[in-house]
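Data block below; observations after.
When reading the values below, keep in mind they use all heavy atoms of this one structure, side chains included, and skip hydrogens, waters and symmetry mates. Residue numbering restarts at 1 for every chain, and letters A, B, ... go by the order of the sequence lines.
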Number of protein chains: 2
Amino acid sequence: MLRGTFQLMKSVNKTAILNKIRLAGPISRADIAKETGITPPTVSTIVKELMAENLVAESRLGKSKGGRKPTLLLLKEDGSYVIGVDAGSKTIKAIVSDLVGHVLARAEVEIYPHSTNEAFLEQMTAVIRTVLSEIADQCEKVLGIGVAMHGVVEIESGISLYSSKTGLRNVPIKETLEAAFDLPVTVENNSRAMAIGEYWFGDYGYIQRFSVINIGRGVGSGLIVNDKLCYGAQDLTGEIGHVSISLDGDVCSCGNRGCFETFVSGDAIVKRAKKMIQDAPDDLTAEKVYAFAKEGKTDYIHVLEETGKLIGIGIINLVHTVNPDQIVLGGGVMKSADFLMPQIQQTIRERALTEKAKAETKVVISKIGDDATVLGAAALLLTELFY
Amino acid sequence: MLRGTFQLMKSVNKTAILNKIRLAGPISRADIAKETGITPPTVSTIVKELMAENLVAESRLGKSKGGRKPTLLLLKEDGSYVIGVDAGSKTIKAIVSDLVGHVLARAEVEIYPHSTNEAFLEQMTAVIRTVLSEIADQCEKVLGIGVAMHGVVEIESGISLYSSKTGLRNVPIKETLEAAFDLPVTVENNSRAMAIGEYWFGDYGYIQRFSVINIGRGVGSGLIVNDKLCYGAQDLTGEIGHVSISLDGDVCSCGNRGCFETFVSGDAIVKRAKKMIQDAPDDLTAEKVYAFAKEGKTDYIHVLEETGKLIGIGIINLVHTVNPDQIVLGGGVMKSADFLMPQIQQTIRERALTEKAKAETKVVISKIGDDATVLGAAALLLTELFY
DNA sequence: TTGTCTTAGTTAGTTAATTTAATTAAGAAA
DNA sequence: TTTCTTAATTAAATTAACTAACTAAGACAA
């Protein structure tokens, strides 16, 4: 249970000031005091501590507003680094990032087909070694490793329980990496990592309820409320790929029919195209559907427009359940955004419950794009540092 | 922005202690200290204040565990009262309640058909006067009035914007009642009030994510996370009656097709029965469907079983979106629980995404029943008092 | 019955961290 | 050059927690 102690009081203020500098920096001590309501002496004391911890640094002097020039404070970006790993179903990506999402090193490998747990973990270890070698002289600044793993993940133990795409089961990621690198390791579901990446580095500022929907081979989402990821009683928060939007339809990988995922994933788009278009090629992919649409082939445009409508329905369901302040769309399917977004927006205007929601529901395309997940993985460590 | 101040520290501890007494009382100061982690002197100081504020009282002595007998503390139930009003589409109910949900007085009127705003507000004022007159000698103990209003409500202004059932629009409830009684007034949506009532007086203890689904003439829900109601960006959190579970279906009052509400509301049950049963009477109601089912008429049992399945799908959608720790079902339709619940439970076991969720998803029938909404309205005031 | 041990709760004094008020720093404007 | 502003720090005061020691009151065993 939360207890009111001096440490609590202090950490609340420290967190507020650190995040003010992170989000509003460069900023003076005086402005921090004004904007947070914390008194100037307290701000000074805490800033001194943050500088001692190598998290904050003084930069140039600001403009005088009629008196002494303010000393502007900034996050000390290169004071610490974090490693992010994006373990997808086809490749493993790793990066080294600083505190504000600058990528200092990057590496990627393709996963062997029919890989074993051992081979998979060896590949992951190797990619991390590669990026570490690129910052060899600054390795001691690395705070930890965050892993975004596709499929079902047990967060506490850091074990990847199950992946329908690779067939891997019970991969002890956290244990293996902690032993190999002697660094703290956090493992997270890929959609939730993506949400953290987008929120942390997408420059949105503070948003009370922030939701990122990842539409690719599968559909997942991450919900961030008051700067914190939501998990739910059984870690199912955000599994909107398996929300039913139809009483019938194709069988989903989860065994049910009617799942949102079976209507809007990459595979679903291919299936729809083949059904709607007689002369569709056998080796059609979602990428090709988009390519044909861009070439102006109306049949393929219709396929994407239909998909856009269905994505809109899924979004409305999310709006009528948790009503986020900001919804961000990402993942492979959203590369076709130019054909999807108009339909998504129209569906929202048609179906949202109130005039206010029709007008104010905010849906945008991911600002970070492909790197959102791997940066989010890295940011998993930052969350602990900053809160 | 949250600030670390002495007031914060104090209020955190005061809230923790007050709620410990509320939920775990009768309890000794020593046990409060042990269970909250707050030190005994601090507990004593704060308890002294709570007693001075008439919120807490000493009761009998407890059993000695080998030393001095503990003085047990209890909520001073009759120190303050609150008024709750449940303004449905047919009647207005009002009660006076103490701090633990004991009803001291109660009154109810039927709303005039085609009522005007003025007549409606006059009826509401009259019902409140009636219950107040019953506790005439203790009126000064009343802290305020909470109103649970059906339809769309603007919470800040306390205006009822729109009701499809009565046709009323822009009823200035808060303003009118505050002028009439000179007491603080809070107006809330009926499903959210029901959630608060169930959570506050249903004796569940602390539940991190608590959801109440109200299935009656319409379908709504309330979500309580960390003891607080969730609203969302446009106050749409919990509008699961308008989550799409089908790509076609009957037109909903909101104008869309496929809404959850059009499959499981009272009207939907009647429609389903008429469709499935050739000789169904013209004046069939949901109550009658239940009565026939109880008489053993299998056709009607099937209608309810089908409804149970669909409710199950709606619940699974909620689980895969916010994954509550506890889901409570209430409202008129749930009077048929004996036919609905087995199907609901089975659907959850069939469709939940993981084994853990199949086994652990907790769905129960409202413990409070009909009074949940009106007690929740009253509890709106208590929320402020206790947090 | 008396002494010792246990548990409950209070009192006195200490400590952590904020706040207020005063002070220094440094520049702008007249 | 004086006066006014804004920025930041220092010193003292305040808040509300914590520690340690103490009183209260009963259990239990010799």
Which residues in residues 59-67 of chain B have at least one heavy atom lying under 4.0 Å from any atom of DNA chain D? B:Ser64, B:Gly66, B:Gly67
In Å and rounded to the nearest 0.5 Å, what is the CD to CG distance from B:Glu360 to B:Asp325? 10.0 Å
From CZ of B:Arg68 across to P of D:dT23 the rounded distance in Å is 13 Å
Under a 4.0 Å heavy-atom cut-off, which of residues 9-23 of chain A touch DNA chain D? none
Residues forming a ring pair (Phe, Tyr, Trp, His ring centres under 6.0 Å) with B:Phe210, sequence neighbours excluded: B:Tyr199, B:Tyr204
Heavy-atom nearest nucleotide on DNA chain D for A:Gly4 versus A:Lys69: which residue maps closer to 5'? A:Lys69
Atom pairs and distances, side-chain donor-acceptor, residues 28-42 of chain A, under 3.5 Å, sequence neighbours left out:
from    : atom 1 : to      : atom 2 : distance (Å)
A:Ser28 : OG     : A:Asp31 : N      : 3.1
A:Arg29 : NH1    : A:Glu58 : OE2    : 3.4
A:Arg29 : NH2    : A:Glu58 : OE2    : 2.8
A:Glu35 : OE1    : A:Lys20 : NZ     : 3.0
A:Thr36 : OG1    : A:Ile32 : O      : 2.7
A:Thr36 : OG1    : A:Ile38 : N      : 3.2
A:Thr39 : OG1    : A:Thr42 : OG1    : 3.1

Side chain of A:Glu198, backbone of A:Lys367: donor and acceptor closer than 3.5 Å? yes
Interface residues of residues 41-48 of chain A with DNA chain C (non-hydrogen, below 4.0 angstrom): A:Pro41, A:Thr42, A:Ile46
Rounded to the nearest 0.5 Å, how far apart are CD1 of A:Ile46 and OG of A:Ser11? 9.5 Å
For B:Glu53, all residues meeting salt bridge (Lys or Arg N to Asp or Glu O under 4.0 Å), sequence neighbours excluded: B:Lys14
Here the gap from A:Asn323 atom CG to B:Leu223 atom CG, rounded to the nearest 0.5 Å, amounts to 11.5 Å
Between B:Arg192 and B:Gly238, is there a donor-acceptor pair closer than 3.5 Å when you use the side chain of the first and the backbone of the second? no
Could I get the full list of salt bridge (Lys or Arg N to Asp or Glu O under 4.0 Å) partners for A:Asp98, not counting sequence neighbours? none
Partner residues of B:Glu154 under the salt bridge (Lys or Arg N to Asp or Glu O under 4.0 Å) criterion, sequence neighbours left out: none
Could you pull out all residues at least two apart from A:Phe386 that satisfy ring pair (Phe, Tyr, Trp, His ring centres under 6.0 Å)? A:Trp200
If you walk 5' to 3' along DNA chain C, what is the first nucleotide with an atom under 4.0 Å of a heavy atom in chain B, and what is the last? C:dT6 to C:dT19
Counterpart residues, ring pair (Phe, Tyr, Trp, His ring centres under 6.0 Å), relative to B:Phe6 (two or more places apart): none
For residues 74-82 of chain A, tabulate all N or O donor-acceptor pairs below 3.5 Å that involve a side-chain atom, not counting sequence neighbours.
from    : atom 1 : to       : atom 2 : distance (Å)
A:Lys76 : NZ     : A:Asn54  : OD1    : 3.3
A:Glu77 : OE1    : A:His102 : ND1    : 3.4
A:Tyr81 : OH     : A:Gln138 : OE1    : 3.3

A:Thr39 or A:Phe6: which one's nearest nucleotide on DNA chain C is closer to the 5' end? A:Phe6
